[in-house]
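The next block holds one structure in the form of structure tokens; read it before the comments.
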Amino acid sequence: MPELPEVETVRRGLHELIIGRTVVASKSDNPKSFPNASGQVESFLLGATITGIRRRAKVLMIDLSTNYTLVIHLKMTGQLVYRGKRAFGAGHPTDSLVGELPDKSTRVTLTFTDKSKLFFNDQRKFGWMKLIPTDEVWALPFMQKVGPEPLEDDFTPLQFAERFTRRARTSIKAALLDQTVIAGVGNIYADESLWGAKLHPQRQVNTIMPAEFGALYTELRLVMNRAIDKGGSTDRNYVNVEGKRGSYMDFARVFRREGMECTRCGTTIIKFKATGRGTHICPHCQQP
DNA sequence: CACTTGACCTGTCCGC
DNA sequence: TGCGGACAGGTCAAGT
């Protein structure tokens, strides 16, 4: 579910709300959601103070004073929602997608010194969190393989195009979704940026011209920066740390807009299956 | 090695 | 209403 802009929105929210808090209790319902290998929770999480929140690709890292890090992947339906008794004492905000917590999709609950809580909800149970020594996080296989952050200041159009040479014979959409090519792109921003660059998702990578890669680079950064600005996209499940939806879908140009008119040319947006994923294009702007 | 497919889960929506 | 099947924003392991 969450892609780079959604995970970044969660990171910012956690930074506001839980830095400096000390964990006093941890409850997990589902061992796959939060395995407690050899009692690490008792040794390195309980009593630990949160010192920092980082993000790499779609992975969140909550750094602890014990020199351990909670590494978290939300996958398709994961949510991290913070509740302090003050703000939510009398019912919950009407714009929240999440009701009383815990609920039936709550997999992990962390409680802080002041009784406020961080809930890890995950309907489909694909997501996970793990306790890992902070200086070993970089050595995780995913961290070793994942591509560059597309929004970094020093990431150039030339570097962007170069990353795709390893996937020469696959489709541009499959390559965009490959986390080892570029970090953090998922189905929504793949479709949105391909529309912006007027590229058909099934174009073979090695037929794409330098100028087209340049357009895709610009559109991907534009779309992702705008999405961060809007607090991410809520298609079904995604919420921020306050349980509220993101508003990027109000600005989407093809994603979930099948049957509606292209804002550029008026042609009807269509949806089909590509790379096993729902794919949205304007058939006039994006020719094969 | 490059590439594709199936598996991991639960919930919802759509057609009969 | 009930039921079966398709589908949902991500990654891995295992297959060709």
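Note that these values count all heavy atoms, side chains included, but never hydrogens, waters or copies made by symmetry. The sequence lines fix the lettering, A, B, ..., with proteins before strands; numbering per chain opens at 1. Only a predicted model underlies this, so the values are computations on that prediction, with no experimental measurement involved.
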Which protein N or O atoms sit under 3.5 Å from an N or O of nucleotides 7-10 of chain B?
unit_1 : atom_1 : unit_2   : atom_2 : d
B:dC9  : OP1    : A:Lys32  : NZ     : 2.4
B:dC9  : O2     : A:Arg124 : NE     : 3.1
B:dT10 : OP1    : A:Lys125 : NZ     : 3.0
B:dT10 : O4'    : A:Gln123 : O      : 3.4

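Counting non-hydrogen atoms under 4.0 angstrom, A:Phe142 reaches the backbone sugars and phosphates but no base. Within the 4.0 angstrom heavy-atom criterion, only backbone atoms of the sugar-phosphate kind lie near A:Asn187; the bases stay farther away. Contact annotation for A:Gly278: backbone-only contact, meaning every heavy-atom pair under 4.0 Å involves sugar-phosphate atoms and none involves a base. Using a 4.0 Å heavy-atom distance criterion, A:Ser105 is classed as making no nucleic acid contact.
By the salt bridge (charged side-chain N to carboxylate O under 4.0 Å, His left out) test, A:Arg55 pairs with A:Glu8, A:Glu149, sequence neighbours left out. Under the ring pair (Phe, Tyr, Trp, His ring centres under 6.0 Å) criterion, A:Phe34 pairs with no residue, sequence neighbours left out.
Side-chain contact between A:Leu74 and A:Phe126 is absent, with no heavy atoms from C-beta onward closer than 4.5 Å.
For residues 166-188 of chain A, no pair satisfies ring pair (Phe, Tyr, Trp, His ring centres under 6.0 Å), with sequence neighbours left out.
In this structure, CD1 of A:Ile188 is placed 12 Å from P of C:dA8, rounded to the nearest angstrom. Atoms CZ (A:Arg277) and P (C:dC7) sit 13 Å apart, rounded to a whole Å.
Of the C1' atoms belonging to B:dG11 and C:dC12, the separation is 23 Å, rounded to the nearest Å. For the P atoms, the distance from B:dC9 to C:dA14 is 15 Å, rounded to whole Å.
Salt bridge annotation for A:Arg253-A:Glu219: present, with a cationic side-chain nitrogen under 4.0 angstrom from a carboxylate oxygen. With respect to A:Asp63 and A:Arg54, a salt bridge is recorded, a charged nitrogen being found less than 4.0 Å from a carboxylate O.
Set against C:dT11, C:dC12, C:dA8, the side chain of A:Arg256 has C:dA8 as its closest nucleotide.
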Task: Derivation of the ring-ring contact (aromatic ring centres under 6.0 Å, His included) call for A:Tyr248 and A:Phe255 - done: CA-CA 11 Å; A:Tyr248 178 83; A:Phe255 193 82; 9.3 Å; no
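Proximity of residues 164-179 of chain A to DNA chain B (heavy atom under 4.0 angstrom from any strand atom) is restricted to A:Arg166, A:Arg167, A:Ala168, A:Arg169, A:Thr170.
Not one N or O on the side chain of A:Thr49 forms a donor-acceptor pair closer than 3.5 Å with the backbone of A:Thr22.
Taking only side-chain nitrogens and oxygens, A:Lys104 comes nearer than 4.0 Å to OP1 or OP2 of B:dG11.
Pairs of Watson-Crick or G-U wobble type, with distances under 3.5 Å, assemble into runs of 3 or more in DNA chain B at these ranges: B:2-8 with C:10-16, B:10-16 with C:2-8.
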